[in-house]
Amino acid sequence: MTATDVSYNARATLTVRVELIRQLRRRRTLVAFVLAVALPLIVVAAVKLGPDARAFGDGDLDLVGLATAGPWNFTLTMLLFASGFLLTIIAAMFLGDTVASEASWSTMRYLLAAPVPRRRFLRSKVIVGLILTAVTLLILVATAFVVALFVFGSAPLTSPLGGSFDVATSWQRLGIVTAYIGIQLLIPAGIAFLMSVLTDVPLGAVGAAVLIVIILNIIDAIDALGDLRRLLPTDYGAAWVDALGQQVVWNDMAIGVSYAVVTFAVLVGIAVLRFDRKDVLS
Amino acid sequence: MRSRVRAGCAAGVVALHALLLPLALPPAALAAEPALPLMLPGAPTSMDDPTPVQLDVDVYVPEVTPAPAVLLAHGFGGSKEGVAEEAQLLVEAGFVVLAYTARGFGESTGQISMNAPDFEVADASALIDYLASLASVTSDSAGDPVVGVAGGSYGGALALMLAGYDDRVDAVASDITWNDLETSLFAQSAAAGVQPGVLKSLWTSLFFSSGLGLRPGGPVTECGRFTPAWCAAYVEAVTTGVVSADSSALMAASSPRSVTDQITAPVLLGGGQSDSLFPLSQTNANAEQIVNAPVKVVWHAGGHDGGIAETDRLRELNIAWFDAHLRGGPPVADDFTVSIREASALSDRDPGTIEILTSATYPGPYGDSVAEVTVAGPPQQVLAPAGGAPAAITSLPGAGGLASLAGDLLAVPLPGQTAAFASEPLPEGTRIVGASRIRIAISSDRPVDEAVFFASLRIVSAGGRQSLPQGLVSPVLIRDLGPAPVTVEVTLPTIVTDVAPGDRLAVVIATTDQGYRMPPGPAVYSVTAAGSLLVPSLAGTTSSAGLPVWVWPAGAAAITVLIWVVVALLRPRGRSASQAARPDQADIPLAIEDLAKEFRGGIRAVDGVSFNVPPGVVLGLLGPNGAGKTTTMRMAMGLIRPTSGGVWIFGEHIQPGAPVLSRVGSFIEGPGFLPHLTGRQNLNLFWRASGREGGDPQLETVLDIAGLGSAIDRKVRTYSQGMRQRLGIAQAMLGMPDLLVLDEPTNGLDPPQIREMRKVMHDYAASGRTVIVSSHLLSEVEQTCSHAVVMNHGLLLYSGTVAELLVGRSGLRLEDVFLELVGEGHRVDQ
């Protein structure tokens with residue numbers, strides 16, 4: 001007999017593929033996907049069937065007013081609607097519930113004793129959580145685009161800042177906005193993931209992450225704090241609008257991306273170090 | 001170790017902040033240099049009173065003297081305190097600074113004469129006399145110190161006037177100020193139009209009331225600290241709209257226009273794009289009239305209406321200007337710079353970013369190239385309502401930052417009062433830098449003495465949204481208008497803005513604007529665009545203010561890599577040589593040595609336990625609840641880190657994720673499954689997750705043991721406690737590991753199943769593998785196990801064969817022996 005089972009390979013434990021299968025069949029995954037499909041449909045139905053369809057949107061950003069101009073505009077409006085809260089919750093859910101739910105099902109101890117190396121366990125969890133979040137975002141974008149293509153025609157992007165774009169530029173701008181919003185989701189994702197490692201209660205992890213994001217947003221709305229608010233990672237959540245001008249203005253988006261990535265790295269780093277040394281009692 | 005984790009996190013946070021803080025925060029307030037407060041005599045108090053006014057002065061002296069001096073003048077309604085921050089920066093840059101409160105304000109005596117040559121300007125000359133007497137100030141010659149003068153608004157006019165009247169001034173920095181007070185307050189945008197123009201009643205009254213110095217509870221006076229002459233001129237203007245020759249002369253004397261040709265000191269001339277009080281046309285007039293001195297013109301994004309305050313950049317520029325012209329520092333080019341706002345669309349509070357457009361020479365108000373844009377529209381009728389109300393709101397004088405917001409929100413034209421002439425959508429993006437011009441033909445349905453209208457250039461997006469850049473409008477006054485059309489050339493506001501392709505330009509003619517004095521009578525005007533719109537543009541080089549964009553992602557990438565490295569370095573490792581692998585014990589399934597675990601709060605769950613498990617046996621781990629059995633098993637599986645001691649499985653030291661654990665099947669403290677999957681899927685996925693690629697899970701054998709029948713394809717959440725229990729044991733047996741660790745395996749099983757389980761364990765050990773069972777059911781252990789380990793209160797009480805345990809205690813059952821042992825354990829404990 002050799003020291004270990006001949007066929008054991010730490011790199012083959014809990015592969016992303018296996019973890020994806022484990023997560024994909026969960027109801028909450030399905031619910032997230034269904035929400036991403038439903039949101040554009042509900043909005044289209046409201047616009048088309050509502051009693052006062054012409055008055056749709058009159059926000060401070062005319063993006064909403066332009067929602068029905070074409071599929072690119074509509075998709076951007078959906079992103080605006082979803083990025084505030086829905087996507088935040090979904091990101092928090094996919095990363096916040098992932099470790100804590102394994103703890104609450106008692107499956108974590110069996111995986112870790114299988115043994116799945118602890119860092120590999122977290123790695124698969126993070127990657128799959130991010131994949132599912134990204135897939136939800138893409139489902140939202142794709143559904144919104146296709147639905148709007150049928151309902152509102154195929155006019156290219158009209159900018160709320162003035163001017164309109166050709167089709168290639170419309171795709172480019174939609175891509176930039178989607179990518180930026182996706183990257184901003186790293187902030188709730190990171191907070192939720194750390195919480196997930198710190199607690200064994202899945203809802204607690206998700207709730208705590210959402211709560212922290214809400215508190216950050218409240219602080220961000222306090223004018224008295226002035227420029228101090230620029231230190232909040234969530235301060236740059238809406239900077240993607242800078243991608244809608246005639247020229248893409250990268251300044252704020254560059255800061256926003258940097259903040260999100262660094263925040264995520266710090267939080268996941270803390271989570272990894274904490275998990276390394278954690279006594280698994282669940 | 002925890003402290004290392006904390007240190008690592010803290011280092012990450014500190015690194016993040018070190019990178020971000022200096023960029024995101026305004027510069028911290030600088031340590032105050034002590035200023036020397038003084039009352040200094042100025043010019044005579046009035047024509048009739050030769051006593052000099054007393055001026056409230058702060059003198060700041062730098063570390064190294066003698067040094068050139070800078071005279072700092074404040075804005076209207078302010079005092080020397082208002083320029084203290086700028087004074088600090090200048091003194092730190094090595095200048096002697098004299099900040100003073102103008103006559104009629106604050107602690108200074110005297111009355112406000114609006115920068116009259118005999119009074120305010122003469123006061124400033126007296127202060128230069130004082131600077132000449134200081135040894136700490138360098139001088140050109142006796143009585144002529146090296147001195148610059150700086151100020152904004154009211155102080156900016158003083159700076160220009162002083163440079164015109166006193167040739168000892170060596171450099172000037174003047175911002176957002178007037179060239180001609182009359183054309184500033186009585187605006188006329190028609191070329192060669194009648195003067196005075198339309199009174200800026202709101203601005204004028206705000207200006208005047210801030211000079212009254214009224215305080216809650218204080219005395220109420222009509223003229224406040226204004227001189228009688230200025231007070232009378234004001235009252236006359238706002239009550240009658242008439243500007244008498246006397247008033248006109250007063251304003252002319254207090255306007256830089258009167259002395260611009262006398263200025264020989266280099267001038268840094270700032271103008272604000274968001275300024276409806278002293279608009280860029282005033283800055284332009286100053287720039288064009290100063291012909292005997294170098295002039296550098298800056299159109300920044302601020303102004304009396306707010307806009308974007310570029311305070312830091314402008315202060316740096318001031319210092320560089322004085323450095324160049326007062327003490328031969330690096331030269332500052334006499335070029336022209338314009339701040340271009342990069343719209344940050346959503347931002348109600350984010351000011352957006354600024355890009356600086358630089359042109360080698362100052363092109364004047366009409367740019368360096370002019371495009372002709374056709375604007376069309378039928379002749380339109382507009383109503384000038386009786387009483388001038390309701391009136392359009394384009395800017396909110398005195399509201400500061402709110403004003404530019406108002407420009408966007410409130411600039412919606414009133415129906416019936418506006419005529420619009422729009423262009424076709426522009427085929428390409430256009431940058432407007434300067435004042436557009438258009439000829440407008442206008443007639444009235446009845447003869448009127450005064451016809452007033454407000455022309456503006458608006459940008460209409462494809463979506464129909466109108467924006468009025470900076471909320472600026474151009475008032476036009478025409479005298480004696482009747483049914484015969486009059487054509488006037490209107491100079492539209494001087495603006496800096498980018499127009500997107502596909503947007504339209506629209507010239508809007510409105511009859512009202514609440515910021516201005518309007519004629520009382522009603523009239524209906526017919527308005528026609530009588531020519532193309534001439535749109536100015538400016539070529540030049542652009543550069544961003546602030547950091548290049550790539551700095552942020554690069555910094556973020558660096559920090560992320562750093563975190564990655566820190567996390568990698570902090571990976572937990574084996575602790576010491578004594579815990580290294582023991583190849584000589586490769587055939588011992590489990591060896592435990594001095595194992596102890598102390599949880600937080602000092603509870604010792606396991607306390608110095610040592611025992612070995614020989615291969616091919618079924619070993620029972622016995623003990624009452626809380627004996628430390630489960631904690632021991634968790635430590636054996638690498639789930640809990642021992643406080644001391646160690647566990648070796650087949651000679652390999654156990655730590656979290658030790659590869660040798662792949663030879664161990666475990667069932668600890670109940671089963672754990674994904675409730676949304678079937679039993680079979682759970683086993684499949686667990687096997688695939690366990691990394692034993694190519695190994696045979698022996699699924700059928702294991703399923704036989706579980707005995708779940710068709711239920712194996714049902715979701716686990718539908719299982720009973722016993723079914724889960726059996727599935728959990730089956731999962732532990734997947735791949736038939738060499739060591740099987742089962743914690744209370746018979747919980748929830750019925751007697752036939754318990755009997756079956758006994759046989760399973762027996763057969764398992766018979767194949768040369770090892771089984772460790774923990775239980776508190778002693779009879780069961782007696783029937784199943786060949787070996788036993790007895791624990792209580794974390795202490796090991798017995799380790800050996802069951803047979804030996806019972807030796808010499810014939811007739812006693814294991815249960816009796818166990819109770820005896822546990823009783824001893826209690827005594828040992830005490």
Side-chain angles (χ1 to χ4, degrees), chain A residues 3-5 7-10 12-14 18 21-22 25-27 61-62 65-66 105-107 109-118 158-164 227 230-231 238 241-242 244-246 249-252 254-255 257-258 261-262 265-266 269-270 272-274 276-277 279-280, chain B residues 1 5 8-9 12 16 20 24-26 342-346 353 429 459 461-463 465 500-503 549 552-553 555-556 559-560 563 567 570 572 586 637-641 650 652 656-663 666 668 670 672-674 676-677 685 688-695:
Chain A
T4 54
D5 191 314
S7 62
Y8 175 76
N9 177 2
T13 58
L14 194 66
V18 167
I21 297 173
R22 298 171 83 242
R25 302 204 184 153
R26 293 184 59 186
R27 192 172 291 163
L61 178 66
D62 252 350
L66 288 168
W105 293 325
S106 305
T107 42
R109 62 173 176 262
Y110 291 108
L111 287 173
L112 295 182
V116 180
R118 291 196 178 185
T158 303
S159 168
L161 299 176
S164 52
D227 278 348
R230 307 237 78 186
L231 289 178
V241 183
D242 291 350
L244 300 183
Q246 283 307 311
V249 181
W250 292 105
N251 302 43
D252 273 11
I255 301 174
V257 164
S258 308
V261 168
V262 169
V266 168
I270 295 171
V272 168
L273 295 179
R274 178 79 190 88
D276 276 345
R277 290 154 179 86
D279 282 339
V280 177
Chain B
M1 190 51 82
V5 176
C9 303
L16 179 70
L20 303 176
L25 276 182
E342 298 281 1
S344 181
L346 261 193
T353 48
I459 298 164
S461 75
R465 173 179 157 136
D503 284 0
V549 165
W552 288 90
I559 295 178
T560 306
I563 292 168
V567 169
L570 291 177
M637 302 308 296
L639 297 174
I640 296 180
R641 303 170 72 87
F650 298 114
E652 299 282 333
V660 72
L661 289 170
S662 64
R663 296 174 63 189
S666 62
I668 298 171
F673 293 105
L674 303 178
H676 54 281
L677 298 179
L685 285 171
R688 288 174 68 184
S690 67
R692 283 175 274 183
E693 19 177 50

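This is a predicted model, so every value here is computed, not measured. Computed from heavy atoms alone, side chains included, the values below leave out hydrogens, waters and symmetry copies.
With a threshold of 4.5 angstrom between heavy atoms, A:V272 approaches chain B through side-chain atoms but not through N, CA, C or O. Only the side chain of B:L677 comes within contact range of chain A, judged by heavy atoms closer than 4.5 Å. Contacts between A:A10 and chain B at a heavy-atom distance below 4.5 Å are absent for every atom of the residue.
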Apply the test side-chain contact (heavy atoms from CB on, under 4.5 Å) to residues A:R25 and B:L674: give CA-CA distance (whole Å), side-chain angles for both, the deciding distance (0.1 Å), then the verdict.
-> CA-CA 10 Å; A:R25 302 204 184 153; B:L674 303 178; over 6 Å; no
side-chain contact (heavy atoms from CB on, under 4.5 Å) between B:L570 and A:D276: does it pass, once the steps are laid out?
-> CA-CA 9 Å; B:L570 291 177; A:D276 276 345; 5.9 Å; no
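Contact record, B:G638 with A:R118: O-NH2, 3.2 Å, taken as the closest heavy-atom pair. Heavy atoms only, all atoms of each residue included: B:G691 and A:T13 are closest at CA-CG2, 3.6 Å. Closest approach of A:V18 and B:A689 over heavy atoms only: CG1-CB, 4.1 Å. Closest approach of B:S662 and A:P115 over heavy atoms only: N-CD, 3.5 Å. Contact between B:I563 and A:V262 at its shortest, heavy atoms only, is CD1-O, 4.4 Å. Taking all atoms of both residues into account, the shortest heavy-atom contact from A:G269 to B:V567 is CA-CG2, 3.7 Å.
Between chain B and the residues A:W250, A:Y110, A:W105, the largest count of heavy-atom pairs under 4.5 Å involves A:Y110.
Side-chain N or O atoms of A:R109 include one that pairs as donor or acceptor with a backbone N or O of B:I668 at under 3.5 Å.
For the side chain to side chain contact (heavy atoms under 4.5 Å, CB included) criterion with B:L685, the lone passing option out of A:L14, A:T107, A:I21 is A:I21.
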